[in-house]
Each structure stands twice: as structure tokens, then as C-alpha cells.
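First up is the structure itself, then whatever we jot down about it.
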There are 2 protein chains.
Amino acid sequence: MAADPLSRVFAALADPTRRDMVARLTLADATVNELAAPYDISLQAVSKHVRVLEEAGLVSRSRSAQRRPVHLEAEVFDLMTKWLERYRRAAEERYRRLDDVLASMPDGVTPTLPTDDSPTPPEGGARP
Amino acid sequence: MAADPLSRVFAALADPTRRDMVARLTLADATVNELAAPYDISLQAVSKHVRVLEEAGLVSRSRSAQRRPVHLEAEVFDLMTKWLERYRRAAEERYRRLDDVLASMPDGVTPTLPTDDSPTPPEGGARP
DNA sequence: CTCGTTCTCAACCGGTTGGTTGAGCAATGA
DNA sequence: TCATTGCTCAACCAACCGGTTGAGAACGAG
């Protein structure tokens, strides 16, 4: 199976059904049956989805009678947030730098293109 | 191809090679060849990865001579951050609530659950 | 025009994924 | 004890994914 935690989390959330489950689990824990209700796929398919979420560390299951209530875990969200925040900030910074360049430029002038073997200063696309 | 934007973004980031590319693109734009350098996979494979990132809106390409410099886009990170933040907060809140319940509980007492209207008899963890 | 460089398209392959159906375990209520 | 409820395991299938190789488009330099 796919090695690292981050990959598993992202992969788990790449499915809309699974994201919907996560959304509903923020409101309350739920059994597999409850989770399955809104979708018209088999119970087994839902069970598989839950398993994927579990292996990604996004949810945990306990046992209460025959039920296996599914519970959303917060920790992994922190992991993601941390990863995301780092790159979001970097990307935004570069974005802002680009804005500065554009702002200081007379209308419609194509910037002198930097040779890209240098640490590439921004250049590029018409931003909406 | 897979419908919604969020799914595409998560799927794109579920691959460690692609995440590494994103990381490097926060430092500077890069050509496909430059991106390919560190990995020992074919150039075509790298090209495919870039395509996936592009279709997810994480990256854009302009044209400069034969080169197609790859540029990191910030916007999609905001989309993700927004999604994430919403659920992270919710998950954390529920987590804290559980802590409160546990803290205010004499040892071994079955909690009268703050039963949110939901049919969820949640029940904490210590199940052998 | 021809050559080299950069990159993409197309076809293919093995493994994974999202779904199915069928069988079956485990706990409870009767 | 036994049927019911809640869920999982196993086998299977079509579609997709990450990788390969081979061919070739687009562009700039001589």
C-alpha cells in the first residue's frame, strides 16, 4: 500500500463520497449504516470507504454492542494544515511579488524574460 | 475525467513526487527538464505529473521559446485551506468537548451524554 | 533547410481502486 | 437456542494510474 501518511490522507480525501462522510462526521459520530443511508451504493462499499478513512487516520472506530461507531479524529487535520500552510504561504508570497512587478509596469508591456537558469523571478501569465 | 475541483486537487497531492515538485516550485518556476532532474523516471512521466498538477489548477504553464516554464498558482491553496479549516475546527471542537466530558467524570462512570439530538451513543475509547 | 533541444501524444502494461455479489462472523433480543 | 441486526471478508470486474517506450510536433540556431 501507499507508504507515507500524507499521501494516504490526501488520497482518502480525493473522493467526494469520503469527503461527504467526513463532513457529516463533524456533526456527530455515526454507524456504518447511518453513514450509508444517503448514498445508493452497497453497505460493503461504504464499509470500504470507512476503512480507507481509518487507514488514513482520519477516523477511528470503537465497539458498542454490534455497532462500530465511526468517530472523526482531529490530529490528522493538523498534519495537513501544517503542510498546506507552509506552501500556501510560499505560493502567496510569490503571487504578491508578481503583482508588484505587474503594478510597476506600463500597460501591456511584456517583461524582459529572465533566463530561467537563474533563480527565476516571476513572469508570466495574465492574471485575471 | 474526475469531476469536482477539490477531488482533483487532493488526488494531485496524494502523490509524493508531485508534492515534491510543488515544494520545489515554491522556490522558483522551472522547466519540465529541470523538474525531472532529481527523479529517475522518464521525462514523459514527469510531463504527465505536471499535467495532473495543471488540471488540478495547482500550476500553470506559459510558453517561452521551446520551454514551457511551470509556475505555481496560489489560488487553489486557498480553496483547500478554506475546506480544511472548516473541518479542522469542527473536529477539534468535538475533540475538546469530549475532553471536557471525560474530565468532569468520576472514574468509571458511564457518561450521560451531552446527547446531541443525534442517535449516536458515542462512547470513548478504552475498549480492550 | 537541417539539426538539436524540449516537450507532448499514443499505445501499452501491471497494480490499485471503487464498485459489485455472496458468504459468514458476532452480539442481542426473543 | 435461534433468528435478526450490523458489519466484514473474499472474489471478482471495469476503470484508472504511474510507469514504460517510440514517434513526432514546435521552436531556435547554424
Side-chain angles (χ1 to χ4, degrees), chain A residues 1-4 6-22 25 29-56 58-71 110 113 115-117 120, chain B residues 1-4 7-22 25 29-56 58-71 119-123 127-128:
Chain A
M1 278 275 176
D4 69 301
L6 217 35
S7 293
R8 276 197 298 258
V9 176
F10 279 127
L13 293 174
D15 184 292
T17 303
R18 248 135 40 196
R19 279 201 311 279
D20 190 60
M21 291 178 177
V22 167
L25 285 169
D29 291 2
T31 66
V32 174
N33 262 304
E34 285 162 0
L35 278 178
Y39 320 116
D40 58 348
I41 59 177
S42 70
L43 193 68
Q44 289 94 322
V46 173
S47 187
K48 276 192 187 179
H49 278 307
V50 173
R51 177 171 212 78
V52 172
L53 290 172
E54 189 180 27
E55 272 164 2
L58 282 159
V59 305
S60 62
R61 271 124 127 200
S62 48
R63 169 144 244 157
S64 157
Q66 314 97 313
R67 284 159 211 178
R68 316 283 318 276
V70 179
H71 174 77
T110 313
L113 283 174
T115 65
D116 44 4
D117 53 350
T120 319
Chain B
M1 280 278 177
D4 68 302
S7 292
R8 277 197 299 256
V9 176
F10 279 125
L13 293 174
D15 185 292
T17 304
R18 248 137 37 196
R19 279 200 311 279
D20 190 59
M21 290 179 177
V22 167
L25 286 169
D29 292 3
T31 66
V32 174
N33 261 303
E34 285 163 359
L35 278 178
Y39 320 117
D40 58 347
I41 59 178
S42 69
L43 195 68
Q44 290 94 320
V46 174
S47 187
K48 275 191 188 179
H49 279 307
V50 173
R51 178 169 211 79
V52 172
L53 289 173
E54 189 180 26
E55 273 164 1
L58 281 160
V59 129
S60 65
R61 272 125 129 201
S62 49
R63 168 143 245 155
S64 157
Q66 313 97 313
R67 286 161 208 177
R68 318 282 317 274
V70 180
H71 173 78
T120 315
E123 179 245 307
R127 270 284 144 306

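Just so you know, these numbers use all the heavy atoms, side chains as well, and skip hydrogens, waters and symmetry mates.
Atom CD in A:Glu55 sits roughly 13 Å away from atom P in C:dT16 (whole-Å rounding). The OH-P distance, from B:Tyr39 to D:dG19, rounds to 11 Å in whole Å. Separating the CZ atom of B:Arg8 from the C1' atom of D:dC16 is a distance of 15 Å, rounded to the nearest angstrom.
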| note | Counting primed atoms, P, OP1 and OP2 as sugar-phosphate and everything else as base, the B/S/- map of nucleotides 18-25 of chain C against protein heavy atoms under 4.0 Å is SBBBB---
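Put simply, B:Arg51 has a side-chain N or O that comes within less than 4.0 Å of OP1 or OP2 on C:dC9. Look at B:Ser47 and you'll find a side-chain N or O under 4.0 angstrom from OP1 or OP2 of C:dT8. Contact annotation: A:Arg61 reaches the phosphate of D:dT8 (side-chain N/O to OP1 or OP2, under 4.0 Å). Applying the 4.0 Å criterion to OP1 and OP2 of C:dC7, one finds that B:Asn33 has a side-chain N or O inside that range.
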| task | Walk me through it: do A:Asp20 and A:His49 pass the test side-chain contact (heavy atoms from CB on, under 4.5 Å)? | result | CA-CA 11 Å; A:Asp20 190 60; A:His49 278 307; over 6 Å; no
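The nearest pair of heavy atoms linking B:Leu58 to B:Ala12 is CD1-CB, 4.0 Å. Nearest approach of B:Ala30 to B:Leu35, heavy atoms of both residues: CB-CG, 4.0 Å.
Using a 4.5 Å heavy-atom cutoff, the side chains of B:Asp4 and A:Pro16 are in contact.
Applying the side chain to side chain donor-acceptor pair (under 3.5 Å) criterion to A:Arg61, with sequence neighbours excluded, gives A:Glu54.
A:Glu34 contributes a side-chain N or O that, together with a main-chain N or O of A:Thr31, makes up a donor-acceptor pair within less than 3.5 Å.
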